[in-house]
Asker: 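Next up is a structure, given as structure tokens.
FYI, the numbering just counts along the sequence from 1.
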Amino acid sequence: MARSFSLRADCRAASRASKARLRLLLLRSKPAVLLAVFAWLFTATGIAPAWAIEPIKISRDNVALDLSRAVEIYRDQGANFQISTAPGADGIVRRIEVEAQGENAAGDWAVFALANTTDEQLDRLIVAPHFRLVGSGLIWPDLGSPRITAITPSEGFALDRQQSGDADEFLVTLNPGTVITFVAELASPNLPQVYLWDPDAYKDTVNSYTLFRGIVIGIAGLLALFLTVLFVVRGTSVFPATAALAWATLAYISIDFGFLSRLVDISPGSEQLWRAGTEVALSATLVIFLFAYLNLGRWHTHFSYGMLGWVLGLAAIAGLAFIDPAIAAGIARLSFAATAVIGLGLIIYLGSQGYDRAIMLVPAWLMVLVWLVGAFMAVTGTLANDIVQPAMGGGLILIVLLIGFTVMQHALSGSAPFQGLFSDMERQALAITGSGDTVWDWDVLRDRVVTKPDASRQLGLPAGTLQGPARSWLPLMHADDRDTFRTTLDMVLEQRRGRISQSFRLRGADGHYHWFSLRARPVVGSDGEVIRCVGTMVDVTEQKKAEERLLHDAVHDNLTGLPNRELFINRLDATIALAGSERKIRPTVLVIDIDRFKQVNDELGISAGDTILLTIARRLHRLLQPGDALSRVAGDQFAMMLLSEREPAQIAAVADAVHQAIRAPITFAKREIVLTPSVGLVSWTQAQTSAEEMLKDAELAMYQAKRMGGDRIEPYRPSFRSAGADRLQMESDLRRAVERGELRVVYQPIVRLEDGSVAGFEALLRWEHPRRGTIPPSDFIPVAESSGLIVQLGLFAMSRAADDLHHWQKQLGDLPLFMSVNLSSRQLIRRDLVGDVRSTITRANIKPRCFRLELTESIVMDNPEQSAHVLNKLKQLGIGLSLDDFGTGYSSLAYLSRFPFDTIKIDKSFVEDQSPKGAVLLRSMVTMAHDLGLSVVAEGVVDAEDAEQLRQIGCEYVQSFHFGMPADADSCLKLLMEQNPVAAT
């Protein structure tokens, strides 16, 4: 600890002559005059004085001095503390400044002074105990902690800390006639006691207490161990409760006497948690003992509920000890006192009713009350003697010892609570009768088996059928159990020891087998031979059936009854193991997934979906040949193992049969439901060594089939693995791209055919990958759809497009210009879509008629009813709606009248078709759109001739690379300025 000493006479305003006079006074004045000078000096300089303290005079005969009342405590003084020292031998009062050594110093300090009045050097120990029961408090007790971080003397070297786990000890050497002021940095706010000990006397005192504590802990340990053994032997509830109380007491005094810290490494500061925990345990076990000993549960069930609630509350308090040990200990002390008082009332009441147990507990409980009074006087400071704390620990052991004697008296005297009403033989007979088990008795010498009651009646056989030689059981026994039964009996007779423990089946009169469990032991005669075997036999038929059901359900699907994924993999593993040595065995695995099955559950309900799955499972099962296997591996996924076919053409035929079986219409509730499958298949090769790997390859092929639109069969190719990894990597990169701003929006012009001017733009997303460069939307949009990122991307595209449109209109004026943004299926089904569009338009400050959303037919037809509802709400906002890729989907034309579209976009495949039929179809689509009040945008125009043809048949707009490539916002603004120079100025 850094420390500095200075005469704090800050006399900057005084003259040099004044300073000289001050030095003279300091050298020659007496202490009283010197103090007056210091008072004048501090008043003149504006520094508040801290008066010197009175030193404690020490002689050789002072073996132990209590310094607690002589210590002055200063709180919240900061890391640097200044104090005036006691007047030295020369009568001078000095100023000492001490700097805190602890890392988390609270600014609390203690100051005292010692004066050696003898003519010889004195060695003393300054001792501050970590815990002191006396004055610790009741509600929020002081549970102990390190008290002093360091002690700095006004002269000499820093004090040496002595090794001790129970107290802070510092060795100080006082020279003859010296007066030393000590400044102690406090490690805790409280300093209950500080002693000044002669080292030898302190050592003798510690040794004497150590001996006493060792004896007490030894007695407590033996008592707890003895009560535990007694509990094991007797087994009634009062013994474990008494043993628990004894162990809790042992733990409490081990903490109180510092014994536990010698066995367990208790970190500084954590002793509060341990002490609070033992006090809670002591309080809880006292409640449990009182309940168990008085057998309160038999008097009223409310006692059981009260005890359970009390113990649970103490358990919660034990958890509170991790947060605030002091308050947990305070509640535990109050609980202990409440238990003692309530217990006294119960003992008085039950004793008045003639209950012997309550009467015998009176002496022990009176000791509990006396101990409680003493503990109260100690923690409140009424009893302040140092012997109180070990005496309270010893008294607690005496209480537990008396309680143990009381419990043992019941155990050894044969009183009613512990002595049964029946002999052991009668008790066992009653237990067997009450359990309903059948006694199985085999007289070996006479070779006669007797069952009581007669087991023949359980099987519906004539009475006495099973009464006779053991071999008469074999014809009624299941063939798989006969050898085991015969061998078990022979081994018992041969070894003359052991135990019969066997389950077997016996055939009843109705031909069904019943399961029995036999447990018996041999009885050896005086000659060492087995004379009989006696045990019990229990009918376990229902248990065996339940086990078989559980075993079946563990490896089979509950709905279809098909093997589940684990059983399928197990069978496939066995087949692959055979395929390594058998040429004729070449398994093929098909994984079948039902496309859009979630839509069936959403529209028709889960029960309808389960019925359809059962129908599909039956259809697939009919396709199996001997050796094949079918399994349901997931919700709407099936796996099939083909062993009957090995040729590729035959395997393809089976896969096609699977495809057609699922595509066949399913009639449900007078409706025909047509489903399509995505099928992935893989045939075994030498490179595939495990069933998991083979099934995974088939699943990869199935997912590839789904990515390609579903309703197809896809054989496995090794490239699928890298494709799956690339897809995962792309999804990870896409998530970061959104955060890093790697996405941008470009705009492709939509041109009026009438005058060739730009009527609007379609917003398109582009991804500039830092390593891969520009990634086309066809690669990352499906990834965004499957991962759910498309919602975030769609909101980004809408917001950016609306902001750019507002910027263009601000530059060019109110031009008749619109902006189209594509909408995904995930966005369409979101409840927040309408609100998102409204907030986008409002925030960008554009007119709703200038903003359009584009949807494909397939998106709308996924859920026509929901789509119509959402589109009508969007139309109410005043925005435009465009039907993209018109003519390529599968929707009925009747839906055009139901959906509020105002524009259709004809797919480029119709524009590129130069056949006469194509021209007729194109003209018909334009005419139909106009008759429905819809405008038309044609995509894929490659030259001016196609554009002129479209203009002649009435098409209003075109969009293609011929009329403009997708460009950024600045390029589009330049294009608009070139076409509208007047508006630009």
Asker: Roughly how far, to the nearest 0.5 Å, is CZ of Phe851 from CG of Leu877?
Answerer: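 Spacing of CG (Leu877) from CZ (Phe851) equals 10.5 Å.
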Asker: Is it the case that the side chain of Asp557 and the backbone of Leu562 share a donor-acceptor pair, with hydrogens and angles ignored and the cut-off at 3.5 Å?
Answerer: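 A pair under 3.5 Å: no.
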Asker: Please identify each residue that fulfils ring pair (Phe, Tyr, Trp, His ring centres under 6.0 Å) with His807, with sequence neighbours left out.
Answerer: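 With sequence neighbours excluded, His807 shows a ring pair (Phe, Tyr, Trp, His ring centres under 6.0 Å) to no residue whatsoever.
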Asker: Do Leu975 and Gln979 have side chains that get closer than 4.5 Å, going by heavy atoms?
Answerer: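 Heavy-atom side-chain distance check passes, below 4.5 Å.
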Asker: Quick one: pull up OG in Ser839 and CG in Leu795 and give me the separation to the nearest 0.5 Å.
Answerer: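 Answer rounded to 0.5 Å: 8.0 Å.
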Asker: Do you know which two heavy atoms are closest between Gly954 and Val926, and how far apart they sit?
Answerer: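 Looks like C-CG1, 4.0 Å.
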Asker: Donor-acceptor pair, distance only, cut-off 3.5 Å: does the side chain of Glu956 make one with the backbone of Val936?
Answerer: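 Checking the backbone N and O of Val936 against the side chain of Glu956, a donor-acceptor pair under 3.5 Å is found.
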Asker: On a heavy-atom basis, which atom in Gly680 and which in Ala701 lie closest, and how many Å separate them?
Answerer: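 Shortest heavy-atom separation between Gly680 and Ala701 comes out as CA-CB, 3.7 Å.
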Asker: So which atom in Ala617 and which in Thr560 form the shortest heavy-atom distance, rounded to 0.1 Å?
Answerer: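 Closest approach of Ala617 to Thr560, heavy atoms only: CB-CG2, 4.0 Å.
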Asker: Might you work through the side chain to side chain contact (heavy atoms under 4.5 Å, CB included) test for Val758 and Phe963, ending with a clear yes or no?
Answerer: CA-CA 9 Å; Val758 176; Phe963 288 94; over 6 Å; no
Asker: Which atom pair, heavy atoms only, marks the closest approach of Pro563 to Leu630?
Answerer: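 So the two residues come closest at CD-O, 3.2 Å.
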Asker: Look at atom NE2 of His806 and say whether more than 12 heavy atoms of other residues, nucleotides or ligands are closer to it than 6.0 Å.
Answerer: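 Enclosed.
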Asker: Between Asp902 (side chain) and Leu881 (backbone), is there a donor-acceptor pair under 3.5 Å?
Answerer: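 Yes, because the side chain of Asp902 sits within donor-acceptor range (under 3.5 Å) of the backbone of Leu881.
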Asker: Are Asp803 and Arg800 ion-paired here, with the side-chain N under 4.0 Å from a carboxylate O?
Answerer: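 The answer is no: the pair does not qualify as a salt bridge.
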Asker: Quick test of your reading of the model: are Arg852 and Glu854 salt-bridged, counting only N-O distances below 4.0 Å?
Answerer: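 No, Arg852 and Glu854 are not salt-bridged.
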Asker: Verify the neighbour count for atom CD of Gln792: are there more than 12 heavy atoms of other residues, nucleotides or ligands below 6.0 Å?
Answerer: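 No - once you tally the heavy atoms of other residues, nucleotides and ligands closer than 6.0 Å, there are 12 at most.
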Asker: Does Leu973 offer a backbone N or O that forms a donor-acceptor pair with the side chain of Gln811 under 3.5 Å?
Answerer: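 No, Gln811 side chain to Leu973 backbone: no donor-acceptor pair under 3.5 Å.
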Asker: May I ask you to test the Pro770-Glu742 pair for a side-chain heavy-atom distance under 4.5 Å?
Answerer: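 Sidechains of Glu742 and Pro770: in contact.
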Asker: State the CG-CD1 distance between Leu675 and Ile662, to the nearest 0.5 angstrom.
Answerer: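 Going from the CG atom of Leu675 to the CD1 atom of Ile662 covers 8.5 Å.
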Asker: Hey, does Leu833 have a side-chain heavy atom less than 4.5 Å from the side chain of Lys873?
Answerer: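 With C-beta onward as the side chain, the pair stays apart.
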Asker: With His659, which residues qualify under ring pair (Phe, Tyr, Trp, His ring centres under 6.0 Å), at least two apart?
Answerer: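 Result, ring pair (Phe, Tyr, Trp, His ring centres under 6.0 Å) vs His659: none returned.
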Asker: Is Arg619 reaching over with its side chain to a backbone N or O of Ala664, donor-acceptor style, under 3.5 angstrom?
Answerer: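 Yes: the side chain of Arg619 pairs with the backbone of Ala664.
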Asker: Any side-chain heavy atom of Arg766 sitting closer than 4.5 Å to one from Pro966?
Answerer: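 In short, these two side chains touch, coming nearer than 4.5 Å.
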Asker: Would Arg923 and Val920 count as a side chain to side chain contact (heavy atoms under 4.5 Å, CB included) here? Give the steps.
Answerer: CA-CA 5 Å; Arg923 185 181 301 108; Val920 172; 4.3 Å; yes
Asker: Go through it in stages, so that I can follow the logic: the residues are Lys696 and Glu693, the test is salt bridge (charged side-chain N to carboxylate O under 4.0 Å, His left out), and I'd like the CA-CA distance, side-chain angles, deciding distance and then a yes or no.
Answerer: CA-CA 5 Å; Lys696 180 180 178 181; Glu693 182 180 357; over 6 Å; no
Asker: Would you check if the side chain of Asn570 reaches a backbone N or O of Glu566 as a donor-acceptor pair within less than 3.5 Å?
Answerer: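 Judged by distance alone, no pair lies under 3.5 Å.
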Asker: I want to check something: taking the side chain as every heavy atom from C-beta on, are Leu950 and Leu922 in contact at a cut-off of under 4.5 Å?
Answerer: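 Result yes, sub-4.5 Å side-chain heavy-atom pair found.
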Asker: Who passes ring pair (Phe, Tyr, Trp, His ring centres under 6.0 Å) against Tyr747, sequence neighbours left out?
Answerer: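 For Tyr747 the ring pair (Phe, Tyr, Trp, His ring centres under 6.0 Å) partners, ignoring immediate neighbours, are Trp808.
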Asker: Nearest 0.5 Å please: distance from the OH atom of Tyr957 over to the CD1 atom of Ile750.
Answerer: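 Answer rounded to 0.5 Å: 9.0 Å.
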Asker: How close do Pro776 and Phe780 get, heavy atom to heavy atom, and via which atoms?
Answerer: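 Minimum heavy-atom separation between Pro776 and Phe780: O-CD2, 3.2 Å.
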Asker: Hey, are the side chains of Phe761 and Leu817 touching, using non-hydrogen atoms and a 4.5 Å cut-off?
Answerer: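 Result yes, sub-4.5 Å side-chain heavy-atom pair found.
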Asker: Quick one about Glu672 and Thr667 (side-chain donor to acceptor, distance below 3.5 Å, no hydrogens or angles considered), yes or no?
Answerer: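 No, no side-chain donor-acceptor contact under 3.5 Å.
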Asker: Keeping Arg632 on the side-chain end and Gly635 on the backbone end, is there a donor-acceptor pair under 3.5 Å?
Answerer: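 Flag set: sc Arg632 to bb Gly635 pair under 3.5 Å.
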Asker: For Lys875, is the NZ atom crowded, meaning more than 12 foreign heavy atoms sit under 6.0 Å from it?
Answerer: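 More than 12 heavy atoms, drawn from other residues, nucleotides or ligands, come within 6.0 Å of this atom.
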Asker: Carefully, step by step, assess Leu765 and Val745 under the rule side chain to side chain contact (heavy atoms under 4.5 Å, CB included).
Answerer: CA-CA 5 Å; Leu765 274 176; Val745 181; 3.9 Å; yes
Asker: How many angstroms lie between CG in Leu681 and CG in Asp697, if you round to the nearest 0.5 Å?
Answerer: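 It comes to 11.5 Å.
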Asker: Rounded at 0.5 Å granularity, tell me how far CD in Glu692 sits from CD1 in Ile569.
Answerer: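 Nearest 0.5 Å value for the CD-CD1 distance: 3.5 Å.
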Asker: So, the side chain of Ser631 versus the backbone of Asn564: is there a donor-acceptor pair under 3.5 Å, distance only?
Answerer: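 Flag set: sc Ser631 to bb Asn564 pair under 3.5 Å.
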Asker: In terms of side-chain heavy atoms, does Asp593 have a donor or acceptor partner in Ser678 at a distance below 3.5 Å?
Answerer: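 Ser678 and Asp593 do not have a side-chain donor-acceptor pair below 3.5 Å.
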Asker: Determine the minimum heavy-atom distance between Asp595 and Asp711, stating which atoms define it.
Answerer: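 It is OD2-N, 2.8 Å.
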Asker: Consider only side-chain N and O atoms of Asp610 and Ser607, and report whether a donor and an acceptor are under 3.5 Å apart.
Answerer: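 No, no side-chain donor-acceptor contact under 3.5 Å.
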Asker: Are there over 12 heavy-atom neighbours, none belonging to Lys706, within less than 6.0 Å of that residue's NZ?
Answerer: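 Above 12, so yes.
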Asker: Do Asp636 and Lys598 come close enough that some side-chain heavy atom pair is under 4.5 Å?
Answerer: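 No; the side chains remain at least 4.5 Å from each other.
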Asker: Side chains of Glu939 and Ser960: closer than 4.5 Å at any heavy-atom pair?
Answerer: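 A side-chain contact is absent here, since even the closest heavy-atom pair is not under 4.5 Å.
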Asker: Evaluate the side-chain hydrogen bond (donor to acceptor under 3.5 Å, both in side chains) criterion for residues Thr840 and Ser799: first the C-alpha distance (whole Å), next the side-chain angles of each, then the deciding distance (0.1 Å), finally the verdict.
Answerer: CA-CA 6 Å; Thr840 299; Ser799 178; 5.7 Å; no
Asker: Applying side chain to side chain contact (heavy atoms under 4.5 Å, CB included), run through Val591 and Val682 and close with a yes or a no.
Answerer: CA-CA 9 Å; Val591 174; Val682 60; over 6 Å; no
Asker: Answer yes or no: does atom CZ of Arg736 have more than 12 heavy-atom neighbours from other residues, nucleotides or ligands under 6.0 Å?
Answerer: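 Enclosed: over 12 neighbouring heavy atoms sit under 6.0 Å from CZ of Arg736.
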